[in-house]
Amino acid sequence: MATFPSVEWFNAIKDLVNSDPAFRRLGTVDAVVGVKVGAKIYELTFEAFECTGVREANENALRDMDFYLEQPYDAWKDMITNIKKHGQADLSHTLNTIDLTMPEGFAKAQDEYRRDSFYRFNQSIQDFFDASAKIDTKFAEPAAVA
């Protein structure tokens, strides 16, 4: 059982999508995506039809990412729990809906051109997170990500 958030958790999903031919159906993804959960930051690298790397990163690395996704820990937990319950995100828990409902946005970047890759690759990134329904997830204590 992998703990969210952790490199182990993201690697478990990476392994699933990289071995799933359906992940290729949406086309290529060439983006470096950040996931910010409290003080924890993870960098996901997508090249062509797969996720090629997962690593922990720091605040300085955010400026070099195409975009990063940031929301409070409880919102991440709610999203991942919803995905597990339904096998994929329901309409109120998709990345796009979350981005549209957050006043400052869910997807952030150093400039709007780079942020646009969130919209370009949104469905593939959504499929990546939806794959988390297939793994058992344990959630870190909120203090561990603060």
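This chain uses plain numbering: 1 for the first residue, then up along the sequence. Both backbone and side-chain heavy atoms feed into the values below; hydrogens, waters and symmetry mates do not.
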Legend entry - Residue pair Q126 / D130, side-chain donor-acceptor N/O under 3.5 Å: yes
Pairs under 3.5 angstrom only: tabulate donor-acceptor contacts from the side chains of residues 134-141 to other protein residues two or more places apart or in another chain.
unit_1: T137; atom_1: OG1; unit_2: W9; atom_2: NE1; d: 2.8

Legend entry - Side-chain donor-acceptor pair present, S6, T3, cut-off under 3.5 Å: no
Legend entry - Minimum-distance pair of heavy atoms, taken over all atoms of A89 and H93: CB-O, 3.5 Å
Inset, instruction - Indicate yes or no: does R115 engage D99 in a salt bridge with an N to O separation below 4.0 Å. - result: yes
Inset, instruction - Indicate yes or no: does R24 engage E50 in a salt bridge with an N to O separation below 4.0 Å. - result: no
Inset, instruction - Group every Ile, Leu, Val, Met, Phe, Trp and Tyr by side-chain heavy-atom contacts under 4.5 Å, then state whether V29 and V32 land in the same group. - result: no
Inset, instruction - Return the set of residues passing salt bridge (Lys or Arg N to Asp or Glu O under 4.0 Å) with K85 (not counting sequence neighbours), or none when no residue passes. - result: none
Inset, instruction - Could you pull out the closest heavy-atom pair between S132 and I80, with the gap in Å? - result: OG-CG2, 4.3 Å
Legend entry - Non-neighbouring partners of R25 that pass salt bridge (Lys or Arg N to Asp or Glu O under 4.0 Å), sequence neighbours left out: D127
Inset, instruction - Taking salt bridge (Lys or Arg N to Asp or Glu O under 4.0 Å) as the test, write out the residues that go with D90, two or more places apart. - result: none
Inset, instruction - Answer yes or no: is there a donor N or O on one side and an acceptor on the other, between the side chain of S117 and the main chain of R120, under 3.5 Å? - result: no
Legend entry - Partners passing salt bridge (Lys or Arg N to Asp or Glu O under 4.0 Å) against D74 (at least two apart in sequence or in another chain): none
Report all side-chain donor-acceptor pairs from residues 39-49 shorter than 3.5 Å, counting only partners two or more places apart or in another chain.
unit_1: Y42; atom_1: OH; unit_2: P5; atom_2: O; d: 3.2
unit_1: E43; atom_1: OE1; unit_2: R55; atom_2: NH2; d: 3.2
unit_1: E43; atom_1: OE2; unit_2: R55; atom_2: NE; d: 3.0
unit_1: E47; atom_1: OE2; unit_2: T52; atom_2: OG1; d: 3.3

Inset, instruction - Please assess Y68 against F106 for the test side-chain contact (heavy atoms from CB on, under 4.5 Å), listing each intermediate value before the final yes or no. - result: CA-CA 8 Å; Y68 63 97; F106 177 44; over 6 Å; no
Legend entry - Considering all heavy atoms, the nearest L91-T94 contact: O-OG1, 3.8 Å
Inset, instruction - Taking the side chain as every heavy atom from C-beta outward, state whether D116 and Y113 have any pair of such atoms under 4.5 Å apart. - result: no
Inset, instruction - State, to 0.1 Å, how close R114 and R63 come at their nearest heavy-atom pair, and which atoms those are. - result: NH1-O, 2.9 Å
Inset, instruction - Calculate, to the nearest 0.5 Å, the distance between atoms CD1 and CG belonging to I98 and L69 respectively. - result: 9.0 Å
Inset, instruction - State, with a plain yes or no, whether a side-chain heavy atom of V35 is found less than 4.5 Å away from one of F129. - result: yes
Legend entry - Chi angles and distances behind the side-chain contact (heavy atoms from CB on, under 4.5 Å) call for L62, K36: CA-CA 9 Å; L62 292 174; K36 188 171 181 187; 4.3 Å; yes
Legend entry - Single-linkage hydrophobic cluster F23~L26, side-chain heavy atoms < 4.5 angstrom: no
Inset, instruction - Would you name the heavy atoms of F67 and A107 that are closest together and state the gap between them? - result: CD1-CB, 4.5 Å
Inset, instruction - For D66 and F118, run side-chain contact (heavy atoms from CB on, under 4.5 Å): C-alpha distance rounded to whole Å, both residues' side-chain angles, the deciding distance at 0.1 Å, then the answer. - result: CA-CA 8 Å; D66 291 301; F118 167 71; over 6 Å; no
Inset, instruction - Verify side-chain contact (heavy atoms from CB on, under 4.5 Å) between M65 and V33, making sure each step is shown before the conclusion. - result: CA-CA 6 Å; M65 295 177 191; V33 179; over 6 Å; no
